Q: 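My questions all concern the structure below.
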Amino acid sequence: LAPGPLPNQDIDVKNLESLEKYHSYKRYFRQAQEAHNKPVWWHTYRKYVEKANPQVDIGFPLEQPNRTKQVKERKQVMKENKKNMELERAARLWEQTSGPHHIRRLAEHYGIYKDLFPNAFFLPIIPLKVHYGQNSSVHYGNILTPTEAETAPQISFEAEEGTLWTLLLTEHLLDGEAEYVHWMGNIPAGAVQSGDELCHYLPPFPPRGTGFHRYIFVLFKQNGPIDFRDNARPSPHSLEERTFKTVEWYKKHQEHMTPAGLAFFQSQWDASVTHTFHHTLMKEPVFEFIRPPVYHPPQVKFPHRQPLRYLDRYRDGQPHTYGIY
Amino acid sequence: MQQLIMRAVAVLYVVSIIAVNCRLNKNDYLVCMFIVFVLLSARCVSQAASKAEPAVEENEAVNPTFVNRNPRNLEQMSLAVKDRGWKTIWPHKEFYHRLVFSRTQHHVTAEVFSSSSLDPVLTCSTKEWALKRELPSTNCVAACQAVGEVLAQRCKQAGITRMVYRAIPWSYRSDAVQSFRKSMKDRGIILSEPRRKYIGT
(Lines give C-alpha, C1' and ligand atoms only; values in the text may rest on other atoms or scores of the structure.)
Protein backbone atom coordinates (compact mmCIF):
# COMPACT_ATOMS: atom_id res chain seq x y z
CA LEU A 1 0.00 0.00 0.00
CA ALA A 2 1.73 3.18 -1.19
CA PRO A 3 1.26 6.51 0.67
CA GLY A 4 0.45 8.26 -2.62
CA PRO A 5 -0.48 7.65 -6.24
CA LEU A 6 2.09 5.66 -8.20
CA PRO A 7 3.28 7.17 -11.49
CA ASN A 8 1.41 5.95 -14.57
CA GLN A 9 -1.19 4.39 -12.28
CA ASP A 10 -4.15 5.69 -14.28
CA ILE A 11 -2.96 4.35 -17.64
CA ASP A 12 -4.97 1.36 -18.84
CA VAL A 13 -2.22 -1.11 -19.76
CA LYS A 14 -4.56 -3.58 -21.48
CA ASN A 15 -5.85 -1.00 -23.94
CA LEU A 16 -2.72 0.88 -25.11
CA GLU A 17 -4.14 1.70 -28.55
CA SER A 18 -6.70 4.07 -27.04
CA LEU A 19 -4.02 6.30 -25.43
CA GLU A 20 -3.44 9.82 -26.76
CA LYS A 21 -0.18 10.02 -28.74
CA TYR A 22 2.43 12.84 -28.59
CA HIS A 23 2.94 13.10 -32.36
CA SER A 24 6.11 15.13 -31.85
CA TYR A 25 9.32 14.88 -29.84
CA LYS A 26 9.12 18.48 -28.58
CA ARG A 27 5.76 17.95 -26.90
CA TYR A 28 7.07 14.82 -25.16
CA PHE A 29 10.29 16.57 -24.11
CA ARG A 30 8.42 19.52 -22.57
CA GLN A 31 6.08 17.22 -20.63
CA ALA A 32 9.01 15.07 -19.53
CA GLN A 33 10.82 18.16 -18.16
CA GLU A 34 7.71 19.31 -16.26
CA ALA A 35 7.28 15.84 -14.78
CA HIS A 36 10.96 15.78 -13.79
CA ASN A 37 10.64 19.07 -11.88
CA LYS A 38 7.32 18.24 -10.16
CA PRO A 39 7.51 17.58 -6.38
CA VAL A 40 6.77 13.92 -5.46
CA TRP A 41 5.96 11.97 -2.32
CA TRP A 42 8.71 9.34 -2.56
CA HIS A 43 12.30 9.90 -1.38
CA THR A 44 14.55 11.61 -3.93
CA TYR A 45 18.16 12.79 -3.86
CA ARG A 46 16.93 16.35 -4.35
CA LYS A 47 14.98 16.27 -1.07
CA TYR A 48 17.89 14.61 0.70
CA VAL A 49 20.20 17.50 -0.19
CA GLU A 50 19.26 20.24 2.22
CA LYS A 51 17.24 23.03 0.61
CA ALA A 52 18.10 26.62 1.43
CA ASN A 53 16.57 28.10 4.56
CA PRO A 54 13.60 30.45 4.08
CA GLN A 55 14.90 33.64 2.54
CA VAL A 56 14.04 37.22 3.52
CA ASP A 57 14.13 40.16 1.09
CA ILE A 58 16.13 43.03 2.63
CA GLY A 59 16.35 45.20 -0.48
CA PHE A 60 14.03 47.70 -2.09
CA PRO A 61 10.70 46.47 -3.57
CA LEU A 62 10.50 46.61 -7.34
CA GLU A 63 8.25 49.30 -8.78
CA GLN A 64 5.94 47.80 -11.37
CA PRO A 65 3.63 50.02 -13.45
CA ASN A 66 0.10 48.92 -14.28
CA ARG A 67 0.50 45.68 -16.26
CA THR A 68 -2.48 46.05 -18.66
CA LYS A 69 -1.37 49.53 -19.72
CA GLN A 70 2.19 48.32 -20.19
CA VAL A 71 1.05 45.43 -22.40
CA LYS A 72 -1.07 47.75 -24.55
CA GLU A 73 1.79 50.19 -25.10
CA ARG A 74 4.18 47.40 -25.94
CA LYS A 75 1.82 45.84 -28.47
CA GLN A 76 1.60 49.17 -30.29
CA VAL A 77 5.38 49.41 -30.44
CA MET A 78 5.54 45.86 -31.80
CA LYS A 79 3.08 46.72 -34.57
CA GLU A 80 5.18 49.67 -35.65
CA ASN A 81 8.26 47.46 -35.55
CA LYS A 82 6.70 44.96 -37.93
CA LYS A 83 6.22 47.66 -40.54
CA ASN A 84 9.82 48.77 -40.11
CA MET A 85 11.92 45.69 -40.87
CA GLU A 86 15.38 47.25 -40.53
CA LEU A 87 16.16 47.98 -36.87
CA GLU A 88 19.41 48.25 -34.95
CA ARG A 89 19.91 46.15 -31.88
CA ALA A 90 20.42 47.75 -28.45
CA ALA A 91 20.00 45.99 -25.12
CA ARG A 92 20.24 48.89 -22.67
CA LEU A 93 16.63 48.40 -21.57
CA TRP A 94 17.75 45.17 -19.97
CA GLU A 95 19.23 47.03 -17.00
CA GLN A 96 15.87 48.52 -16.08
CA THR A 97 13.58 45.61 -16.87
CA SER A 98 14.98 42.14 -16.31
CA GLY A 99 18.55 43.03 -15.25
CA PRO A 100 18.02 42.90 -11.45
CA HIS A 101 16.43 39.45 -11.64
CA HIS A 102 19.24 38.07 -13.77
CA ILE A 103 21.90 39.52 -11.46
CA ARG A 104 20.11 38.07 -8.46
CA ARG A 105 20.00 34.63 -10.07
CA LEU A 106 23.71 34.76 -10.82
CA ALA A 107 24.51 35.96 -7.31
CA GLU A 108 22.64 32.93 -5.94
CA HIS A 109 24.54 30.68 -8.30
CA TYR A 110 27.84 32.13 -7.01
CA GLY A 111 26.68 31.74 -3.41
CA ILE A 112 27.05 35.44 -2.62
CA TYR A 113 23.86 35.91 -0.61
CA LYS A 114 24.63 32.74 1.32
CA ASP A 115 28.02 34.07 2.37
CA LEU A 116 27.30 37.76 2.95
CA PHE A 117 23.83 37.58 4.51
CA PRO A 118 22.66 34.13 5.60
CA ASN A 119 18.90 33.68 5.09
CA ALA A 120 18.51 36.95 3.21
CA PHE A 121 18.77 38.24 -0.34
CA PHE A 122 18.10 41.53 -2.11
CA LEU A 123 17.23 42.65 -5.61
CA PRO A 124 20.00 44.89 -6.99
CA ILE A 125 17.72 47.44 -8.62
CA ILE A 126 20.35 50.14 -9.10
CA PRO A 127 22.85 49.27 -11.85
CA LEU A 128 26.35 49.73 -10.44
CA LYS A 129 29.13 50.35 -12.96
CA VAL A 130 32.71 49.67 -11.84
CA HIS A 131 35.60 50.27 -14.23
CA TYR A 132 39.28 49.40 -13.77
CA GLY A 133 40.80 51.52 -16.53
CA GLN A 134 39.36 51.60 -20.04
CA ASN A 135 39.36 47.95 -20.97
CA SER A 136 38.29 46.04 -17.88
CA SER A 137 35.01 46.52 -16.09
CA VAL A 138 33.27 44.54 -13.38
CA HIS A 139 29.95 42.91 -14.19
CA TYR A 140 28.54 39.90 -12.40
CA GLY A 141 31.12 37.15 -12.25
CA ASN A 142 33.75 38.58 -14.60
CA ILE A 143 37.25 37.13 -14.53
CA LEU A 144 39.85 39.86 -13.99
CA THR A 145 43.58 39.67 -13.23
CA PRO A 146 45.00 41.29 -10.07
CA THR A 147 47.25 43.44 -12.30
CA GLU A 148 44.15 45.07 -13.74
CA ALA A 149 42.72 45.58 -10.25
CA GLU A 150 45.82 47.12 -8.68
CA THR A 151 44.56 50.72 -8.55
CA ALA A 152 41.22 51.82 -7.16
CA PRO A 153 38.39 51.63 -9.71
CA GLN A 154 36.10 54.36 -11.03
CA ILE A 155 32.57 53.79 -9.81
CA SER A 156 29.41 55.31 -11.22
CA PHE A 157 25.73 54.81 -10.47
CA GLU A 158 22.53 56.77 -11.00
CA ALA A 159 21.46 58.67 -7.92
CA GLU A 160 19.09 61.51 -7.12
CA GLU A 161 20.43 64.73 -5.60
CA GLY A 162 20.70 64.77 -1.83
CA THR A 163 20.83 61.01 -1.23
CA LEU A 164 23.71 59.38 0.66
CA TRP A 165 25.26 56.03 -0.20
CA THR A 166 27.76 53.56 1.20
CA LEU A 167 30.00 51.40 -0.92
CA LEU A 168 31.60 48.23 0.39
CA LEU A 169 34.14 45.92 -1.25
CA THR A 170 34.49 42.54 0.43
CA GLU A 171 36.25 39.32 -0.26
CA HIS A 172 34.60 36.60 1.70
CA LEU A 173 37.27 34.23 2.93
CA LEU A 174 36.86 32.10 5.98
CA ASP A 175 33.86 30.66 7.69
CA GLY A 176 31.96 33.61 9.08
CA GLU A 177 34.66 36.18 8.40
CA ALA A 178 34.84 38.54 5.49
CA GLU A 179 37.76 40.74 4.68
CA TYR A 180 37.00 44.18 3.47
CA VAL A 181 39.41 45.74 1.11
CA HIS A 182 37.96 49.18 0.42
CA TRP A 183 35.12 51.00 1.97
CA MET A 184 33.53 54.42 1.66
CA GLY A 185 30.68 55.90 3.66
CA ASN A 186 28.39 58.93 3.30
CA ILE A 187 28.91 59.30 -0.45
CA PRO A 188 26.79 62.18 -1.80
CA ALA A 189 24.86 61.39 -4.97
CA GLY A 190 27.12 60.48 -7.88
CA ALA A 191 30.54 61.65 -6.63
CA VAL A 192 32.35 58.72 -5.06
CA GLN A 193 35.59 60.65 -4.37
CA SER A 194 33.91 63.08 -1.98
CA GLY A 195 32.74 60.41 0.47
CA ASP A 196 34.64 59.60 3.72
CA GLU A 197 37.10 56.89 2.85
CA LEU A 198 37.03 54.62 5.88
CA CYS A 199 39.57 52.15 4.55
CA HIS A 200 42.37 52.31 2.02
CA TYR A 201 42.09 50.40 -1.21
CA LEU A 202 44.08 47.19 -1.03
CA PRO A 203 44.43 45.37 -4.35
CA PRO A 204 43.08 41.81 -4.43
CA PHE A 205 45.59 39.14 -3.38
CA PRO A 206 44.36 35.61 -4.10
CA PRO A 207 47.19 33.32 -2.92
CA ARG A 208 48.70 30.91 -5.41
CA GLY A 209 47.04 27.52 -5.63
CA THR A 210 43.75 28.58 -4.08
CA GLY A 211 42.02 29.22 -7.41
CA PHE A 212 39.39 31.90 -8.01
CA HIS A 213 38.24 34.30 -5.28
CA ARG A 214 35.12 36.46 -5.49
CA TYR A 215 35.39 40.20 -4.83
CA ILE A 216 32.00 41.76 -4.19
CA PHE A 217 30.95 45.43 -4.45
CA VAL A 218 27.77 46.22 -2.50
CA LEU A 219 26.06 49.60 -2.67
CA PHE A 220 23.82 50.65 0.22
CA LYS A 221 21.39 53.54 0.22
CA GLN A 222 21.38 55.52 3.46
CA ASN A 223 18.36 57.26 4.98
CA GLY A 224 20.55 59.94 6.52
CA PRO A 225 24.21 60.60 7.45
CA ILE A 226 25.55 57.74 9.60
CA ASP A 227 28.45 57.90 12.02
CA PHE A 228 31.04 55.33 10.96
CA ARG A 229 33.76 56.47 13.34
CA ASP A 230 33.97 53.21 15.27
CA ASN A 231 34.58 51.39 11.98
CA ALA A 232 37.19 53.81 10.60
CA ARG A 233 40.66 52.28 10.35
CA PRO A 234 43.86 54.37 10.06
CA SER A 235 45.73 54.17 6.78
CA PRO A 236 48.57 51.67 7.47
CA HIS A 237 46.99 48.72 9.24
CA SER A 238 47.55 44.99 9.37
CA LEU A 239 45.34 42.22 8.01
CA GLU A 240 43.77 41.50 11.37
CA GLU A 241 42.26 44.94 11.63
CA ARG A 242 40.77 44.51 8.18
CA THR A 243 38.69 41.45 9.01
CA PHE A 244 35.04 42.08 9.73
CA LYS A 245 31.69 40.33 9.38
CA THR A 246 29.24 41.85 6.96
CA VAL A 247 26.26 40.40 8.85
CA GLU A 248 27.14 41.98 12.18
CA TRP A 249 28.05 45.32 10.62
CA TYR A 250 24.81 45.35 8.65
CA LYS A 251 22.73 44.41 11.70
CA LYS A 252 24.15 47.42 13.55
CA HIS A 253 23.14 49.86 10.81
CA GLN A 254 20.12 47.91 9.60
CA GLU A 255 17.50 50.59 10.03
CA HIS A 256 19.45 53.31 8.27
CA MET A 257 20.67 51.36 5.23
CA THR A 258 19.27 49.15 2.47
CA PRO A 259 21.35 47.28 -0.10
CA ALA A 260 20.56 48.52 -3.59
CA GLY A 261 23.40 47.59 -5.95
CA LEU A 262 25.65 44.60 -6.53
CA ALA A 263 28.66 43.82 -8.74
CA PHE A 264 31.25 41.09 -8.35
CA PHE A 265 34.27 39.69 -10.13
CA GLN A 266 36.61 36.74 -9.80
CA SER A 267 40.38 36.70 -9.92
CA GLN A 268 43.21 34.22 -9.74
CA TRP A 269 46.86 34.41 -8.71
CA ASP A 270 49.10 36.70 -10.75
CA ALA A 271 52.67 38.04 -10.55
CA SER A 272 51.39 41.32 -9.07
CA VAL A 273 49.97 39.39 -6.08
CA THR A 274 53.54 38.53 -4.98
CA HIS A 275 54.31 42.23 -5.18
CA THR A 276 51.31 43.10 -2.97
CA PHE A 277 52.21 40.45 -0.41
CA HIS A 278 55.85 41.43 -0.09
CA HIS A 279 55.28 45.15 0.07
CA THR A 280 52.22 45.43 2.26
CA LEU A 281 51.65 42.25 4.19
CA MET A 282 53.99 39.32 4.71
CA LYS A 283 55.73 36.39 3.05
CA GLU A 284 53.64 34.95 0.28
CA PRO A 285 51.80 31.69 1.11
CA VAL A 286 51.48 29.05 -1.61
CA PHE A 287 48.78 26.40 -1.41
CA GLU A 288 48.25 23.04 -3.07
CA PHE A 289 45.00 21.31 -3.79
CA ILE A 290 44.23 18.41 -1.40
CA ARG A 291 42.09 15.83 -3.13
CA PRO A 292 39.31 14.30 -1.03
CA PRO A 293 40.11 10.69 0.01
CA VAL A 294 38.97 7.95 -2.34
CA TYR A 295 35.62 6.48 -1.26
CA HIS A 296 35.35 2.76 -0.58
CA PRO A 297 32.08 1.11 0.54
CA PRO A 298 32.02 -0.49 4.04
CA GLN A 299 34.11 -3.63 4.22
CA VAL A 300 32.29 -6.93 3.79
CA LYS A 301 33.42 -10.30 5.20
CA PHE A 302 32.91 -12.19 1.91
CA PRO A 303 33.51 -9.70 -0.92
CA HIS A 304 31.92 -11.10 -4.06
CA ARG A 305 34.05 -10.98 -7.23
CA GLN A 306 36.67 -8.61 -5.78
CA PRO A 307 40.41 -9.02 -6.45
CA LEU A 308 42.94 -9.69 -3.68
CA ARG A 309 43.86 -6.01 -3.44
CA TYR A 310 40.38 -5.51 -1.86
CA LEU A 311 42.15 -6.03 1.46
CA ASP A 312 44.71 -3.33 0.59
CA ARG A 313 41.96 -0.74 0.49
CA TYR A 314 41.06 -1.25 4.13
CA ARG A 315 44.46 -1.75 5.70
CA ASP A 316 44.98 1.40 7.79
CA GLY A 317 47.75 3.75 6.88
CA GLN A 318 49.26 1.54 4.20
CA PRO A 319 49.55 2.99 0.69
CA HIS A 320 47.64 1.04 -1.96
CA THR A 321 49.69 -1.42 -3.94
CA TYR A 322 47.93 -0.89 -7.29
CA GLY A 323 46.98 2.77 -7.89
CA ILE A 324 43.47 3.72 -6.76
CA TYR A 325 42.00 0.30 -7.38
CA MET B 1 71.60 51.82 21.88
CA GLN B 2 73.37 52.47 25.16
CA GLN B 3 74.68 48.93 25.21
CA LEU B 4 75.90 49.42 21.69
CA ILE B 5 77.76 52.58 22.60
CA MET B 6 79.34 50.87 25.61
CA ARG B 7 80.45 47.96 23.45
CA ALA B 8 81.85 50.33 20.81
CA VAL B 9 83.81 52.21 23.44
CA ALA B 10 85.20 48.95 24.88
CA VAL B 11 86.27 47.65 21.48
CA LEU B 12 87.93 50.93 20.55
CA TYR B 13 89.79 50.86 23.83
CA VAL B 14 91.05 47.34 23.15
CA VAL B 15 92.04 48.22 19.61
CA SER B 16 93.88 51.29 20.77
CA ILE B 17 95.81 49.21 23.29
CA ILE B 18 96.73 46.67 20.62
CA ALA B 19 97.77 49.43 18.25
CA VAL B 20 99.94 50.99 20.86
CA ASN B 21 101.55 47.69 21.85
CA CYS B 22 102.10 46.25 18.41
CA ARG B 23 103.16 49.54 16.93
CA LEU B 24 100.72 49.21 13.94
CA ASN B 25 101.39 51.64 11.16
CA LYS B 26 98.66 53.98 9.93
CA ASN B 27 97.19 51.71 7.19
CA ASP B 28 96.86 48.68 9.43
CA TYR B 29 95.19 50.82 12.03
CA LEU B 30 92.61 52.07 9.55
CA VAL B 31 91.86 48.52 8.38
CA CYS B 32 91.33 47.45 11.97
CA MET B 33 88.95 50.30 12.60
CA PHE B 34 87.02 49.49 9.45
CA ILE B 35 86.60 45.85 10.49
CA VAL B 36 85.42 46.91 13.91
CA PHE B 37 82.94 49.31 12.38
CA VAL B 38 81.55 46.61 10.09
CA LEU B 39 81.11 44.21 12.98
CA LEU B 40 79.38 46.83 15.04
CA SER B 41 77.06 47.83 12.20
CA ALA B 42 76.19 44.18 11.54
CA ARG B 43 75.35 43.83 15.20
CA CYS B 44 73.16 46.91 14.87
CA VAL B 45 71.26 45.44 11.97
CA SER B 46 70.63 42.12 13.70
CA GLN B 47 69.34 43.89 16.77
CA ALA B 48 67.01 46.06 14.70
CA ALA B 49 65.64 42.98 12.94
CA SER B 50 64.92 41.20 16.21
CA LYS B 51 62.90 44.16 17.41
CA ALA B 52 60.74 44.34 14.27
CA GLU B 53 59.89 40.61 14.19
CA PRO B 54 56.84 40.66 16.51
CA ALA B 55 54.99 43.02 14.13
CA VAL B 56 55.74 40.76 11.14
CA GLU B 57 54.61 37.66 13.03
CA GLU B 58 51.14 39.12 13.63
CA ASN B 59 50.52 39.27 9.89
CA GLU B 60 52.09 35.88 9.25
CA ALA B 61 49.59 33.92 11.33
CA VAL B 62 48.28 32.01 8.32
CA ASN B 63 45.97 29.06 8.67
CA PRO B 64 47.78 26.09 7.02
CA THR B 65 44.60 24.84 5.35
CA PHE B 66 42.49 27.21 3.29
CA VAL B 67 38.93 26.49 2.24
CA ASN B 68 37.82 28.42 -0.80
CA ARG B 69 34.08 29.09 -0.44
CA ASN B 70 33.53 30.05 -4.03
CA PRO B 71 31.20 27.32 -5.39
CA ARG B 72 32.42 28.04 -8.91
CA ASN B 73 36.13 27.71 -8.09
CA LEU B 74 36.51 23.95 -8.55
CA GLU B 75 34.63 24.04 -11.85
CA GLN B 76 36.85 26.75 -13.24
CA MET B 77 40.00 24.88 -12.17
CA SER B 78 38.42 21.77 -13.83
CA LEU B 79 38.81 19.83 -10.57
CA ALA B 80 35.12 19.51 -9.76
CA VAL B 81 33.35 16.19 -10.17
CA LYS B 82 31.25 15.75 -13.31
CA ASP B 83 28.20 13.50 -13.14
CA ARG B 84 29.57 10.54 -15.09
CA GLY B 85 27.75 7.39 -16.10
CA TRP B 86 24.80 8.45 -18.21
CA LYS B 87 26.21 7.02 -21.41
CA THR B 88 23.27 4.78 -22.21
CA ILE B 89 20.72 7.61 -22.38
CA TRP B 90 20.51 10.92 -24.12
CA PRO B 91 21.24 13.67 -23.13
CA HIS B 92 24.22 12.89 -20.89
CA LYS B 93 24.83 14.79 -17.64
CA GLU B 94 28.62 15.01 -17.73
CA PHE B 95 29.13 18.78 -17.75
CA TYR B 96 29.54 21.84 -15.57
CA HIS B 97 27.21 24.07 -17.64
CA ARG B 98 24.84 23.21 -20.46
CA LEU B 99 23.18 25.32 -23.09
CA VAL B 100 19.53 24.78 -24.07
CA PHE B 101 18.05 26.41 -27.15
CA SER B 102 14.33 26.10 -27.81
CA ARG B 103 12.05 27.57 -30.43
CA THR B 104 8.33 27.79 -29.86
CA GLN B 105 5.71 29.11 -32.24
CA HIS B 106 6.17 32.75 -31.24
CA HIS B 107 9.41 33.00 -29.30
CA VAL B 108 13.02 31.84 -29.15
CA THR B 109 14.66 31.05 -25.79
CA ALA B 110 18.23 30.18 -24.87
CA GLU B 111 19.15 29.16 -21.32
CA VAL B 112 22.32 28.15 -19.49
CA PHE B 113 21.91 25.59 -16.71
CA SER B 114 24.49 24.37 -14.26
CA SER B 115 24.72 20.70 -13.35
CA SER B 116 23.30 21.22 -9.86
CA SER B 117 20.39 23.60 -10.37
CA LEU B 118 16.86 23.22 -11.67
CA ASP B 119 16.58 26.92 -12.49
CA PRO B 120 18.64 28.40 -15.28
CA VAL B 121 21.66 30.50 -14.37
CA LEU B 122 21.44 32.77 -17.42
CA THR B 123 18.59 33.22 -19.86
CA CYS B 124 18.00 35.19 -22.98
CA SER B 125 14.70 35.06 -24.79
CA THR B 126 12.64 37.14 -27.14
CA LYS B 127 9.98 37.31 -24.42
CA GLU B 128 12.07 40.01 -22.66
CA TRP B 129 10.87 43.49 -23.52
CA ALA B 130 14.45 44.68 -24.07
CA LEU B 131 14.85 42.31 -27.01
CA LYS B 132 11.24 42.28 -28.19
CA ARG B 133 11.33 46.03 -28.79
CA GLU B 134 14.28 45.83 -31.13
CA LEU B 135 13.24 42.84 -33.22
CA PRO B 136 10.65 42.96 -35.99
CA SER B 137 9.79 39.27 -35.65
CA THR B 138 10.46 37.12 -32.61
CA ASN B 139 10.69 33.66 -34.15
CA CYS B 140 12.83 34.06 -37.25
CA VAL B 141 16.48 33.28 -37.97
CA ALA B 142 17.53 36.88 -37.25
CA ALA B 143 15.87 36.60 -33.84
CA CYS B 144 17.87 33.43 -33.10
CA GLN B 145 21.04 35.24 -34.06
CA ALA B 146 20.15 38.21 -31.85
CA VAL B 147 19.40 35.91 -28.92
CA GLY B 148 22.76 34.20 -29.45
CA GLU B 149 24.68 37.46 -29.47
CA VAL B 150 22.98 38.85 -26.37
CA LEU B 151 23.40 35.59 -24.46
CA ALA B 152 27.07 35.40 -25.43
CA GLN B 153 27.65 38.90 -24.06
CA ARG B 154 25.87 38.06 -20.80
CA CYS B 155 27.84 34.82 -20.43
CA LYS B 156 31.12 36.64 -20.88
CA GLN B 157 30.08 39.23 -18.30
CA ALA B 158 29.16 36.44 -15.91
CA GLY B 159 32.43 34.56 -16.36
CA ILE B 160 30.89 31.41 -17.91
CA THR B 161 32.61 30.95 -21.25
CA ARG B 162 32.65 27.16 -21.65
CA MET B 163 29.51 25.07 -21.87
CA VAL B 164 28.16 21.95 -23.49
CA TYR B 165 25.56 22.24 -26.26
CA ARG B 166 23.87 19.11 -27.67
CA ALA B 167 21.17 20.09 -30.08
CA ILE B 168 18.34 17.75 -30.96
CA PRO B 169 19.89 15.90 -33.95
CA TRP B 170 17.29 16.59 -36.62
CA SER B 171 17.04 20.30 -35.85
CA TYR B 172 20.80 20.85 -35.72
CA ARG B 173 21.09 21.41 -39.46
CA SER B 174 18.46 24.14 -39.61
CA ASP B 175 19.50 27.71 -40.40
CA ALA B 176 18.22 29.02 -37.08
CA VAL B 177 20.26 26.69 -34.88
CA GLN B 178 23.32 27.16 -37.07
CA SER B 179 23.08 30.95 -36.90
CA PHE B 180 22.60 30.80 -33.12
CA ARG B 181 25.63 28.55 -32.75
CA LYS B 182 27.71 30.71 -35.07
CA SER B 183 26.86 33.91 -33.20
CA MET B 184 27.77 32.30 -29.86
CA LYS B 185 31.10 31.05 -31.17
CA ASP B 186 31.95 34.34 -32.89
CA ARG B 187 31.45 36.24 -29.63
CA GLY B 188 33.97 34.01 -27.86
CA ILE B 189 31.95 31.31 -26.09
CA ILE B 190 33.56 27.87 -26.43
CA LEU B 191 30.96 25.14 -26.82
CA SER B 192 33.03 22.37 -25.24
CA GLU B 193 34.16 21.83 -21.69
CA PRO B 194 37.66 21.20 -20.38
CA ARG B 195 38.45 17.63 -19.42
CA ARG B 196 38.50 17.04 -15.68
CA LYS B 197 41.94 16.86 -14.02
CA TYR B 198 42.41 13.47 -12.42
CA ILE B 199 45.34 12.32 -10.26
CA GLY B 200 48.52 12.58 -12.27
CA THR B 201 47.10 14.90 -14.96
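Predicted, not measured: the structure shown is a model, and the values here were computed from it. Chain identifiers are assigned alphabetically (A, B, ...) following the order of the sequence lines, protein sequences preceding nucleic acid strands; residue numbering begins at 1 within each chain.
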Q: Tell me, for B:Thr161 versus chain A, whether the close heavy atoms (under 4.5 Å) come from the side chain, the backbone, both or neither.
A: neither

Q: Nearest heavy-atom pair of A:Tyr110 and B:Ala158: which atoms, and what distance?
A: OH-O, 2.5 Å

Q: Given that the side chain runs from C-beta out, which part of B:Gln76 has a heavy atom under 4.5 Å from chain A: side chain, backbone, both or neither?
A: both

Q: Going from OG on B:Ser117 to NE2 on A:His109, what distance comes out if it is rounded to the nearest 0.5 angstrom?
A: 6.5 Å

Q: Test side-chain contact (heavy atoms from CB on, under 4.5 Å) on A:Met78 and B:Lys132 and set out the steps.
A: CA-CA 8 Å; A:Met78 294 281 289; B:Lys132 224 198 279 188; 3.7 Å; yes

Q: Only pairs of heavy atoms separated by less than 4.5 Å count here; which of A:Gly111, A:Gly141, A:Pro207 has the most with chain B?
A: A:Gly141

Q: Checking B:Leu122 against chain A: side chain, backbone, both or neither under 4.5 Å from a heavy atom?
A: both

Q: For A:Ser98, which atoms come within 4.5 Å of any heavy atom of chain B: side chain, backbone, both, or neither?
A: side chain

Q: Can any side-chain N or O of B:Asn68 pair as donor or acceptor with the backbone N or O of A:Phe212 at less than 3.5 Å?
A: yes

Q: Quick check: do A:Arg214 and B:Pro71 have side-chain heavy atoms less than 4.5 Å from each other?
A: yes

Q: Any chance CD1 of A:Ile290 has more than 12 other-residue heavy atoms, nucleotides or ligands included, within less than 6.0 Å?
A: no

Q: Roughly how far apart are A:Lys114 NZ and B:Arg69 CZ, rounded to 0.5 Å?
A: 7.5 Å

Q: Answer yes or no: is there a side-chain heavy-atom contact under 4.5 Å between A:Arg105 and B:Val121?
A: no

Q: Supply the atom-to-atom distance B:Lys156 NZ to A:Ile143 CD1, rounded to the nearest 0.5 angstrom.
A: 11.0 Å

Q: Among side-chain atoms of B:Asn70 and A:Gln266, is any donor-acceptor pair under 3.5 angstrom?
A: yes

Q: Between A:Tyr25 and B:Ile168 (side chain of the first, backbone of the second, donor and acceptor by atom type, cut-off under 3.5 Å), is there such a pair?
A: no

Q: A:Lys26 side chain to B:Arg103 main-chain N or O, any donor-acceptor pair under 3.5 Å?
A: yes

Q: Can you tell me how far CG of B:Asp119 sits from CG of A:Asn37, rounded to the nearest 0.5 angstrom?
A: 8.5 Å

Q: Supply the atom-to-atom distance B:Glu128 CD to A:His101 NE2, rounded to the nearest 0.5 angstrom.
A: 10.5 Å

Q: With a cut-off of 6.0 Å (strictly less than), are more than 12 heavy atoms of other residues, nucleotides or ligands near CG of B:Asp83?
A: yes

Q: Taking the six-membered ring for Trp and the single ring otherwise, decide whether the centroids of B:Phe66 and A:His213 are under 6.0 Å apart.
A: yes

Q: With side chains defined as the heavy atoms from C-beta onward, is the minimum distance between B:Met77 and A:Phe289 less than 4.5 Å?
A: no

Q: Heavy-atom count around A:Arg30 CZ within 6.0 Å, excluding the residue itself: above 12?
A: no

Q: Minimum heavy-atom separation for B:Ala130 and A:Thr97, please, with both atom names.
A: CB-OG1, 4.3 Å

Q: Side-chain contact test, heavy atoms from C-beta onward, threshold under 4.5 Å: evaluate it for A:Arg291 versus B:Leu79 and give yes or no.
A: yes

Q: Compare all side-chain heavy atoms of A:Phe287 with those of B:Thr65 and state whether any distance is below 4.5 angstrom.
A: no

Q: Could you tell me whether the side chain of A:His139 reaches within less than 4.5 Å of the side chain of B:Gln153, counting heavy atoms only?
A: no

